[in-house]
Every structure is written in C-alpha cells, then in structure tokens.
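Right, one structure below, let's go through it.
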Amino acid sequence: MRRFIPLLRHSSFIVAGALPVTALAQPAEAPGIERLPTVQVQAARGVRVADVDLPASISTVQLDDEVIGTLAQVSEALNGVPGLLARDRQNLAQDTQLSIRGFGARSTFGVRGVRVLVDGVPATMPDGQGQLSHASLLSAQRIEVLRGPFSALYGNSSGGVVQVWSADGAPGDPWRARVAAGSDATLSAGAQLRGQQGPVRYNLAANHFETAGWREHSRARRESFNGRLGVDVGGGQLDLVLNYLDAPDAQDPLGLTRAQVNANPRQATAVATQYNTRKSVRQGQAGLVFTRTEGAQTWRAMGYAGQREVEQYLAIPPGPQANPLHAGGVIDLDGDYGGLDLRWAWHGDWLGRPLEAVIGANADQQTQDRRGYENFIGSDVGVRGALRRDQRDRVRNIDQFAQVNWQWAPRWSALLGLRHSAVRFRSNDDYITARNPDDSGSRDYSATTPVGGVVFHASDAWRVYASAGRGFETPTFNELGYRNDGGAGLALNLDPARSRNLELGTKWRGAGGAAFEAAVFRADTDDEVAVASNTNGRSTYRNIGRTRRQGVEASLQQPLAAQLDLTLAYTYIEATVREPYATCANSGCAVPDTVVAAGSRLPGVPKQQAFARLDYRPGNWQWAGEVVASSDTVVNDLASESAAGYALLNLEAARNWRNTQGTLRAFARVDNALDQRYVGSVIVNDGNQRYFEPGPDRRYSVGLQWSWL
C-alpha cells in the first residue's frame, strides 16, 4: 500500500543526511491516541523534534514492498501530496514536470525552483537545475516533500524540497526481483539486494526500463543503478551512495497545437520526425557521508562528485541558423559537479528549557562544456553538423547556515534559521569569429534568507503554527543559456527572484491512526523569472516583476475499518501577476506589443488539484482505487489558451502468496480506467503554439515480484 503521512512521529530538520540528535522532550500522549508509524523526516536543517512541533508542511510517501511493483515513475508516487504538481509528460526526453505551490511550473524540462536530494546527496545543481530521472523507486523507502518558508534553508531555488531516501540494509532483509509489462510495449525489470554482510549494510538496486511510448516518436530506454553501503567506523557511521543513469536517444515528440490534439493526440509534431528530435543522458555520481555523535554534539561531513553528459537534437530549421550568432540545433553538454557539506549540532538546555542548535557551511561547483552544432549537413537534417558554439561555463556557491530550536514553554516552541548564499556564474567563450564576438562574462548573486516559526501545543494531538521567511532563486545555466533578444552568449542580465513567504497551519492526530493537516500560505516574489519564448525546443527567459502565489492545502488520512483506508488531498492556489508587463501577442513580433495586466494568472499553474484513494486489504489481497483531478491550466502569458481540467480514475489489484522461502506478489494496474481525453502537461509560452502534451488513454500494466530471505 502507498501511504501518505502528513504528520510524522519523529522529524528532523536537515539538508542532507540524518543527524542523530536526541529528540526534545514531548508532553505525554493522551490515552487512546494511536500514532502512525515512526518515520525519520529530513525536513530542514539538523534539529530533531516531534512531527507536530514543526512549523512547516511536510508529507511523506512510504514506498513499502507492496507498493514498488505498481509504480513506474516518481510522478505516480507523488500524486497525493497537497501543494505538489507532478506531471508525467509521456515524454521521457524531458523528465517529470514538478512544481510546488506554483514554484517550478515554468520548467520545460527537468526540475527548477524546487530542490531535489537523493539519499542526502544533492540532485539539484548549484545553479538550481535538478532532475529526478536517476532516483530509483526500486530501492527507495520513502519520499519526503517540504513546502513553505522553511524550504529556504536549502539555499538557492528552494520553492520546495523533495527528498528520496532508500532503506538502510539490515540483517534478514529480503532480496527482490521484479518484472512488469504494460501497454505500448512497456517493460520494466529490476532486482534489489538489501541486507547486512558482516559490518557492511547494503541496498543495491538495478533496473531496466523501455517503452515504445504512447505517442508517436516517443520511444525511450533507461538503465539505472542505485547503491547505498554503510559501515560503522571511527565511532560514527560512514555511508557511500552511488547512482548511475544511462538514457540513450529518448525520442521527443514535442508539443501539439490544440487542433493537433483534437485531431490525433497520439501524433508527434511533423518536425519531430523530420529532425529526429531526441535526447541522450548519461550520469554517474557518488556521495560519502560521515556522521558521529559524542555526548551532546554531532558532527556530519558529506562530499559528493558526479559527471553528466547530455546530447539533444532540436527541430530548428537551417534558415534561422544562417544568423552568425545562432548557436545551432544540436546541444552538447559535458559537465562535472561536486561539493562539500559540513555541520555541527548541539543539544542541551537554556534557561531550564530544551534547546538545539546547528551551524554549518556548504560549497558546490558545477563546470560544463557547452557546445552547439548545426543539425544538418547539406540536405540531411537531424544530424550533427558544423560547430556553432563552444564555451566553458562554471557556477559555484558558498553558503553558511545556522538554526536554533527552543521549547521555551510547555506549550510553545520556536524554530529560527538563517542562511547566506553566494552564487557566481562565469562563462568563457571559445567560439570567436569575425561575425561572432567574444561573449565571455560573469554574474554574481547573493542573498541572506532568514526564516522562523512558532508552534502552539493546543493539546497532545493538536498543534497550530505560523512561519515566515524569505526565498532566493537564481536563473539556471539553461535559463541563462540563450538571450531573448536573439544575441549570442549568456543572458547575464537576468536578475534573481526573491520571495517573502508566510504560512499558517494546523496538524491533528486522532484515534485509530487518523491524521489531518491544513495550511494557508502566501508567497510574494519580486523579479519573477518567467518564460519569454519556447520555440523548436529552445527556451529563453526574462524577469517579469512581481507575482503572488497564495492558497490553501489540506490532507487527511482516515482508517475506515481494520482493512480499509481513505486518503484525501486538496490544493487551491491563486498564482497571479501583481505588476503589469509587456509581451508579444504572437511569435512574429520583434518588440513586446501587448500588456499582461496585474491579476492575470501565471501560466502552468492550475487553481485546484484533488486526490482521493481508497485501499482495501482483505487477507492476502489488495484492492485500490484513486482519483486524480486538476482544474484548467493557462498555458501562455495572455491566457488566450488553456488546457482543460480533468479527473482520472486509476485502479490497482494485487495478490500475495507467502511461504517459508519468501513472497510472490502478482499485481495489475489500470490507469485512466474511464478512458478520458486530457492534457497531461503543458509547455509554457511555446512560440509555435504547441503548448500541449496529451496524456494517454486507458493503460494496462501487470507484473510479478519475488521477495526471498
């Protein structure tokens, strides 16, 4: 069963990796209150308190053995998290579209505006660009989602935080093999080895995934490996985290116009097949984490390094590439990245009341060789041609942070934090000709982001909290990559977006394992980074001034009977422009000619989302039904086009057979059981009006999983 746990028994505030600091003393629990399972939540920065004492919105998705077989993409696992929008594009060349409370909705590929970590190691680069593609659901134990002001303690581009955690190996853990097949020639096969051999704890998972794709020209294949090895050494714990992903030549069908969606939502845009639009990604990384606790003090050191290669073929015709400043239709990126994170934590008393504090610093660096080539040779298109761009880009950050949690009265506690971030971008241009000048340059960004919150213990089961903070988001290298005026070089005139965040929330735990959480929130942003244009797979960006995201979110987990559970989640968000700005009414204008009025909706953000899931588990059987719903989504600045809202029904069934050797599990899933037509994701401000990426019709999948001891 997939379990959404908005309120957790124990939680810790940290960026990456657990700090085993002694929990604060808590009031005695009232008789009859049944608590949900104990789960460690790495929710901000090193201080460990009980769940209901955190002034933040946190959701945890548990991925136990019974869930793994039914999920193929991370987006499926995150459907029930309030405030979070995870859209499966049906386009594995572009990864999951992920946004939290409207942050990150502008992303045309990968994850922006939201920090991602896998087993404590950053999956978001220093520039704020992240991805979920290398996160393994086969080895994962849980996914944690932090929303609201305290996300800022993770540094640059923290509109929210998503952390994927794999289980630590232990003696007696089962080994697993899994195979699943489904519609569109989809096949997933993997194995996980988890346990302990002597002093070494291990969790190793490898997976092969391939699909012909629901849409034309959307075939993809992925090979992945995730490993976590732990050992006790030097009076502490040392963990090695390994990740590898190889995704060659994932086909990109591109977006469709409304007329194309109405005619045939499965088609690819004609230029996608003409230019064989595709993307290849290969990534490998390793992280090493050492944690040691001695008395009231805990030390933690984390280092990581990785390498990522990306090659992408775009559908840009030869004509525009005649411009000597054009960077070509083939993108070739080859980059290295890495960083260090050091921190120290202390717990004790101040004025006779429990107090915990943590201070630390981290430094990260990303270096990439960015080359551009023509995507034609003579009359042949979709092939690598002449060199048109050659530059070496580097971004680095140095951050310092501190946080204090003090339970200053029996019914009151306060959590305060401060982070200073300094981010430097630099580009060295090695492609210099008589008609293409030296475009080298650099840009520095910095910010100090305070955050604080208070919690009132209304009763043993009920808390009320308030929090406030500031946020900071630089443009990513991909957003700096192309100027919206058509010139060469980086768009170093882009300013960082700065936000002010407020949240008021409540958390309640009831008898029988019931849990409820609700929050109202507001985020005001200055110098919002927004899409200027999306044309033929290439995006440019600009600052549009002030925006506001405000709304309410709620979640409920309610056991209805011993074998029956109900999960509900709801989000309402108004994401609007607060300051008018000019834009182009059509893709042909050279100068913006139309005003976007204050109060207009930000594209890419639906006003409402809802989720409901019912799980029934009689004996060795499991049955589940879920509804995923979204209201309409505006797709461009002028709101002249939108994707209609939808509600989808998904069904699951599974059966376990247990014996002394292990457990055999058979499972089946039907997605979009009512065969609804809908748009799964959108491409904001597409210059060709190809805004829409249709979602699939009714899909089937079946599989087997064998777990043995």
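Note that the structure is a prediction, hence the values are computed from the model and not measured.
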Q. Can you check side-chain hydrogen bond (donor to acceptor under 3.5 Å, both in side chains) on Asp393 and Ser427, steps first, answer last?
A. CA-CA 4 Å; Asp393 299 332; Ser427 178; 2.8 Å; yes
[X] bridged to [Y] by N-O distance under 4.0 Å:
{"X": "Arg101", "Y": "Glu553", "result": "yes"}
{"X": "Arg549", "Y": "Glu528", "result": "yes"}
{"X": "Arg221", "Y": "Asp249", "result": "no"}
{"X": "Asp637", "Y": "Arg542", "result": "yes"}
{"X": "Asp430", "Y": "Arg392", "result": "no"}
{"X": "Asp526", "Y": "Arg546", "result": "no"}

Q.
Can a side-chain donor-acceptor contact be found between Asp334 and Gln307 if the only test is distance below 3.5 angstrom?
A.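 Asp334 and Gln307 do have a side-chain donor-acceptor pair below 3.5 Å.
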Is the backbone of [Y] close enough, under 3.5 Å, to the side chain of [X] for a donor and an acceptor to pair up by distance?
{"X": "Asp119", "Y": "Ser166", "result": "yes"}
{"X": "Arg343", "Y": "Phe401", "result": "no"}
{"X": "Asn156", "Y": "Thr474", "result": "yes"}
{"X": "Thr448", "Y": "His420", "result": "no"}
{"X": "Asn688", "Y": "Arg690", "result": "no"}

Q: Give the C-alpha distance, both sets of side-chain angles, the deciding distance and a yes or no for side-chain hydrogen bond (donor to acceptor under 3.5 Å, both in side chains) between Asp127 and Thr476.
A: CA-CA 5 Å; Asp127 66 344; Thr476 69; 4.6 Å; no
Q: Apply the test side-chain hydrogen bond (donor to acceptor under 3.5 Å, both in side chains) to residues Asp527 and Asn543: give CA-CA distance (whole Å), side-chain angles for both, the deciding distance (0.1 Å), then the verdict.
A: CA-CA 5 Å; Asp527 293 321; Asn543 298 106; 5.0 Å; no
Q | NZ or CZ of Arg389 within 45° of Tyr431 ring axis and under 6.0 Å | A |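 Relative to the ring axis of Tyr431, which defines the angle, Arg389 lies outside at least one limit.
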Tell me if the [atom1] atom of [X] is crowded by more than 12 foreign heavy atoms within 6.0 Å.
{"X": "Arg219", "atom1": "CZ", "result": "no"}
{"X": "Leu242", "atom1": "CG", "result": "yes"}
{"X": "Arg282", "atom1": "CZ", "result": "no"}

Q. Run the side-chain contact (heavy atoms from CB on, under 4.5 Å) check on Tyr373 and Asp332 step by step: do they pass?
A. CA-CA 8 Å; Tyr373 299 87; Asp332 186 357; 4.0 Å; yes
Q) Aromatic ring centroids of Phe477 and Phe425 under 6.0 Å? A)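 Distance test on ring centres: under 6.0 Å, yes.
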**Q.** Partner residues of Ser681 under the side chain to side chain contact (heavy atoms under 4.5 Å, CB included) criterion, sequence neighbours left out
**A.**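 Applying side chain to side chain contact (heavy atoms under 4.5 Å, CB included) to Ser681 gives Arg87, Arg89, Gln97, Glu693.
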